[in-house]
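Have a look at the structure below, then the notes.
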Amino acid sequence: MLFPTPVGVAESLIQMERDGRLWTGLGRSMLRLGKGYALSIVLGVPLGIWVARVPFLERAVKPVVLGLQALPSVCWLPLAILWFGLTEASILFVVVMGSLLAIAIATEDAVRRIEPLLLREAGTLGVRGLRLYAGVLLPGALPGILTGLKLGWSFAWRALMAAELIVVSGGLGQLLHYGRELLDVAQVVAVMFSIVAVGVTVDRVLFRAIETRVWRRWGLSETR
Amino acid sequence: MLFPTPVGVAESLIQMERDGRLWTGLGRSMLRLGKGYALSIVLGVPLGIWVARVPFLERAVKPVVLGLQALPSVCWLPLAILWFGLTEASILFVVVMGSLLAIAIATEDAVRRIEPLLLREAGTLGVRGLRLYAGVLLPGALPGILTGLKLGWSFAWRALMAAELIVVSGGLGQLLHYGRELLDVAQVVAVMFSIVAVGVTVDRVLFRAIETRVWRRWGLSETR
Amino acid sequence: MATLLPTRLWARLVPRWTLEPSRSKPGEAKIAVREVEHRYENKVEALRNISLDVHSGEFVCLLGPSGCGKSTLLLALAGALPPTCGRITIDGKPVKGPDPSRLLMFQDPALFPWMTVRQNLVFALRSKVRSRPRREETAARYVKRVHLDGFEGALPHQLSGGMRMRASLARALSMDPSVLLMDEPFGALDAQTKGQMQQLLQQVWVETRKTVVFVTHDVREALVLGDRVVVMAARPGRILKDFEVRLPRPRDPDDEAIVQYSRQIREALRSAEAPKGHAKDASAVPASGLSAGAAHPVGTGG
Amino acid sequence: MATLLPTRLWARLVPRWTLEPSRSKPGEAKIAVREVEHRYENKVEALRNISLDVHSGEFVCLLGPSGCGKSTLLLALAGALPPTCGRITIDGKPVKGPDPSRLLMFQDPALFPWMTVRQNLVFALRSKVRSRPRREETAARYVKRVHLDGFEGALPHQLSGGMRMRASLARALSMDPSVLLMDEPFGALDAQTKGQMQQLLQQVWVETRKTVVFVTHDVREALVLGDRVVVMAARPGRILKDFEVRLPRPRDPDDEAIVQYSRQIREALRSAEAPKGHAKDASAVPASGLSAGAAHPVGTGG
Amino acid sequence: HRNASSTAPLRLGYLPNITHAQALVGANEGTFQRHLGAVPLTLVRFNAGPEAMEALVAGSLDACYVGPSPATIAYVRSHGMVRVIAGAASGGAVLVVRSATQPSDLRGKKLASPQVGNTQDVALRHWLKAQGVEATVLPIANADTLSLFQRGQIEGAWVPEPWGARLVREAGGRVLVDERDLWPGAQFPTTVLVASEAGLRRRRSELLSVVRAHLELTRRWTDAPAAFQTAANDAFQKVTGRRLSDPVLRDAFSRLSPTAELMLPRMLEQAARAVDLGYLPRANLDGLVDPSLLEEVQAPKS
Ligand SMILES: Nc1ncnc2c1ncn2[C@@H]1O[C@H](COP(=O)(O)OP(=O)(O)OP(=O)(O)O)[C@@H](O)[C@H]1O
Ligand SMILES: Nc1ncnc2c1ncn2[C@@H]1O[C@H](COP(=O)(O)OP(=O)(O)OP(=O)(O)O)[C@@H](O)[C@H]1O
Ligand SMILES: [Mg+2]
Ligand SMILES: [Mg+2]
């Protein structure tokens, strides 16, 4: 078996940092993730709110969403490739399918959990239409939506890595793949470390910070 | 673009059912999943309990576990292939890495949440050693462990599908891959349906049933 | 003449006071309730044959034991619940659906937790006041009116229960509704805070002279706040008595007159419950301070 | 002679009873507490100079206001907390760490929620009784002793609070500890259940004659249950009085003698608090039924 | 880009294999671009035929060098969205094994083919079936095949050149089957040039230029094989970063011959095999080949 030495891994990391492969790969992956994730949020949050508010959508859309959520998002890849070829669009599609549903489900749940008193109050105060959605439903559901965003992020990240390993076209996944092809176990482990670093940073630093702020502002106990 | 027709998908499904590809693939996938998942439970639950009970392990092991959890499990595949080749072992390894950590983390959390009163009571009653682990810690943490097992299952399932798509060697992932390679969009969608069916069955039927039983026995409210 | 003398002194001079039934007033009523009945799906007859006139600028308290339909009537006035029978008009127009001109307030202040006190007011005002500076100015004015100045920037969860209730009151008042409907707004406050809120509400009402319908099951609260006290009874929910409270403001719950009045009202309530024998489902209703058998009536402002 | 007559009659014959201080008994004490002091890390002097002898088969009640160190002393006896100073021996051996021979019971029954009543007993007995049939038999016996027969198969969450407490008591008794330490075990029960539990405990104790140290701040409870009532005071935690209760069992909390005794104890407690002026941090301690100023002493068994 | 067809680049795909020698050389030396003139050209490399066909069907490619099996599968699955417009190469596929000396030695062994449904995969599975040998066929990328073969994890592989030659030279394999021996006249299509149906409709003139370039390259190969081999190796090095050693190069080209002929009957035979293997439904292949471009270009200029 090929085992990596700590020195080898460090050297490989430095090497990839020096010749820019690490940053190119990282940039490419993060760009894809950013696009796909942003799209998921833009589609998923309104979808979740609508499903929660429109009884017809709940009956028609929710079972589909729940069913598709049971599908590992990487399973969308073959279909995406048939549709879009081995292109950026296929990867994006998989990333979106990975996180969109989780975000929509969490949002729907969060909207349903909004204190009914607040909704009634909004009604008596004459808050309707866009103001109701943007001023009451969205902020009211925000703590729950954040949980969904976190979950969605982790799914999107997983989907991206799987897709990049299969559709080898730039990104950290490709670096990983090439490491394997070249039997370069040090590079494989070095890239894995980079992936862990990204994951931990986003999860512990970015999301933790946002969550803490929201929970404090919303006056929720921080026991989680 | 290639679009599947409902009739085409149904025909493909019937075809695969008839010639046994569906059952062989399903059987192969479930066998792998079963092995990997069982291994994850056998390793993850004790690991979680130990980490929760031994301060040294908490300091030494927990950060590693939390960090690795941020690594999409499919990223283990290149390393696994370098170690075990394109074999069953590689797939199993990825499945285990996918669910082991989630199970261990949930178990640790669940053990920490055990009512301290019960632990003190166990202490005064002279319950120690194996009896403490098997008779108090494990059942006391069981509801939380179940949540972890569910999460672990979903990670294992996702990891398996990704691995089967990359290492094409039997299983539903292979059927999906072949569907794509042969540009057979009906087969791709038919296999996706089968995957959804498995996911929904295990999640909604199997886990729901176990959870309901445990929650009822443990006298916990079923508001989740 | 009575109102010229200080209440306490008057009470001493005339030892036995009795409340008088309300007399119908001239002019068209602001709120007119005509033969309203309401049955819930589960066949509970929450209201039977309710008719009530509330005139502009009146402060009417609905008083009654638990389950007598006070909340049901208030929801009907607010348009949140269409009664199964009868007609409700406000300013001559039939009530259909909720409307910001008829604000409903509950025990729970229902402030938006992610907005500061000021933002809560400003947000509500958005549908009423177009210009932003005027909104800010209005909000500041009403925050001051409920003595919350200095807490404009506080989030609801940083305030005490009483302060939250005051913020909610400020928000309701700032919307300048023509009718204010309040359902036991002080029911969840401790005795001291409750007393302060009653004083504040009196003061604000004297300044603004809104039409208020105020639900309570605290007899003294009703007497301290109301121009009229409408006493209701349960099973079926109906109006028992309609008293006029002619006492000068500000009133004190410990005034001799109020103490005597409350005795009279409690007797009325008791007599309504005692003789009728059909309290079959009495055990299903939580024991109330107003029920005949209770040793210590709760309805004494504490 | 007194004990030959029924208590009630005796109380009527001799209108004024007084409790007498405990006399030291011959023989070696089962539990010997010698000049024990305890300070928590935050410098609170929870116990100062405590010396106490408990003889085998005695039922000693520790009584005192909140914060007087009752729980601290009990934890020290259980070995769950090593006191900063002094010595505690049980059967002559110094107490070191918890041991199933000294069982500690709390308000919370601490039953394992996933086990039935029977399984809870059997599980605890596993470390004591080797043979499985004997375990089952012992468990059944103790379940019966606390009148829970028929509920062996019930899960804790299917039982009422009193029944849970009885199951917990059965489990403790089945372990046959040489000392039973109970920290306000009935503090969370409603008045009626509490009374039943006191009767049950009396009955069980008469049958088994365990050495019991029982903490409470309910004066009547202490008098109904204890052979001795050790009265403690707070700041610093210390023993004030050590009374002997010579009344026949079963005792009733409404016995004239107990009512009189409780008055006497309450006076003792009051005199301990009143003259001393250093109640600076009194407000930090939750008001207790035993504190001098309370209008209605809570310590009347309900 | 529909109306701006003059400026939209023509997208041509190929695989970096020696079997795609015309594409390698043409791409490297700008032959295609020269024939296209002002029309920009985008060259896209794929790892395997099915991928390229996916791109063609998804509309991100206009023409492509590919094996006949993927082309046929794409034609059937997409209901006529691709057409074969010219032949490119014949031969150049071998089964290389580690130790087997006869087909029956492969029973139960693991064999690799480049990808499910590609030309070599169909050939291998058909051959195995015809020989009555049951073996496991794993679709493995050619690069992985080499390393797995070296490590002994697979017994053999049916691969296109130069992989066959590399397995022999670099991994010590033996050629068990040269596919040319299985076809009459040692001729069978290995590489063809396909175009998308949409491309044929909208960009016929540019595709004609591509065919012209293709024919020029084919002629060069036929006329001066040695020089063309070197040119191909230069291109191969540019694409993969690695130069084939001379023996490997010679070996690889020795089994490969250039041809622009369409060989429709052979392609139909290959399609029949794919149907037999369950890769394809039985379908009408009448429109698979579109010889019109070839005819137009080859027609004697008038
Ligand atoms: N949504 C409902 N569905 C069915 N019955 C209801 C509903 N709301 C109230 N009721 C019943 O209608 C009757 C009147 O209820 P209502 O809430 O108006 O009483 P209330 O006077 O406000 O009582 P409380 O003082 O307890 O608030 C009660 O018997 C109650 O049980
Ligand atoms: N873990 C601790 N750390 C610091 N101080 C403590 C701790 N536990 C108790 N104390 C303090 O020690 C004193 C005695 O506490 P203890 O719990 O023994 O009183 P208690 O008589 O049992 O009171 P209660 O009737 O309220 O249970 C109190 O002043 C209390 O605040
Ligand atoms: Mg109400
Ligand atoms: Mg205590």
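Sequence lines set the chain letters: A, B, ... in the order given, protein chains first and strands last, and positions in each chain run from 1.
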Looking only at A:Glu164, A:Met161, A:Arg180, most heavy-atom pairs under 4.5 Å shared with chain B are made by A:Arg180
Next on the checklist: For A:Leu176, is there any backbone N or O sitting under 3.5 Å from a side-chain donor or acceptor partner on A:Gln187?
Outcome noted: no
For the side chain of A:Ser99 and the backbone of A:Ser40, is there at least one donor-acceptor N/O pair under 3.5 Å apart? no
Using modelled atom types only, decide if a donor and an acceptor are shared between the side chain of A:Thr24 and the backbone of A:Gly20 within a distance under 3.5 Å. yes
Would you say the ring centers of B:Trp157 and B:Tyr37 fall short of 6.0 Å from each other? no
Looking only at B:Ser73, B:Ala70, B:Gly199, most heavy-atom pairs under 4.5 Å shared with chain A are made by B:Ala70
*Pair B:Arg112 + B:Glu58: basic N to acidic O under 4.0 Å*: yes
Per-residue tally against chain B (heavy atom, under 4.5 Å) across A:Ile81, A:Asp203, A:Leu172 peaks at A:Ile81
State whether A:Tyr178 and A:Arg21 meet the cation-pi test: NZ (Lys) or CZ (Arg) under 6.0 Å from the six-membered ring centroid, and within 45° of the perpendicular axis. no
Parallel, tilted or perpendicular, judged at 30° and 60°: which one describes the rings of A:Phe93 and A:Trp76?
perpendicular
Honestly, the part of B:Gln69 sitting under 4.5 Å from a heavy atom of chain A is both
Applying a strict 4.5 Å limit to non-hydrogen atoms, the region of B:Phe193 in contact with chain A is neither
Most heavy-atom pairs under 4.5 Å with chain A, out of B:Leu68, B:Val202, B:Asp109, B:Val185, belong to B:Val185
From the list A:Ile166, A:Leu77, A:Leu160, A:Val198, the residue making the most non-hydrogen contacts under 4.5 Å with chain B is A:Ile166
Whatever's closer than 4.5 Å to a heavy atom in chain A on B:Val188 counts as side chain
Applying a strict 4.5 Å limit to non-hydrogen atoms, the region of B:Val189 in contact with chain A is side chain
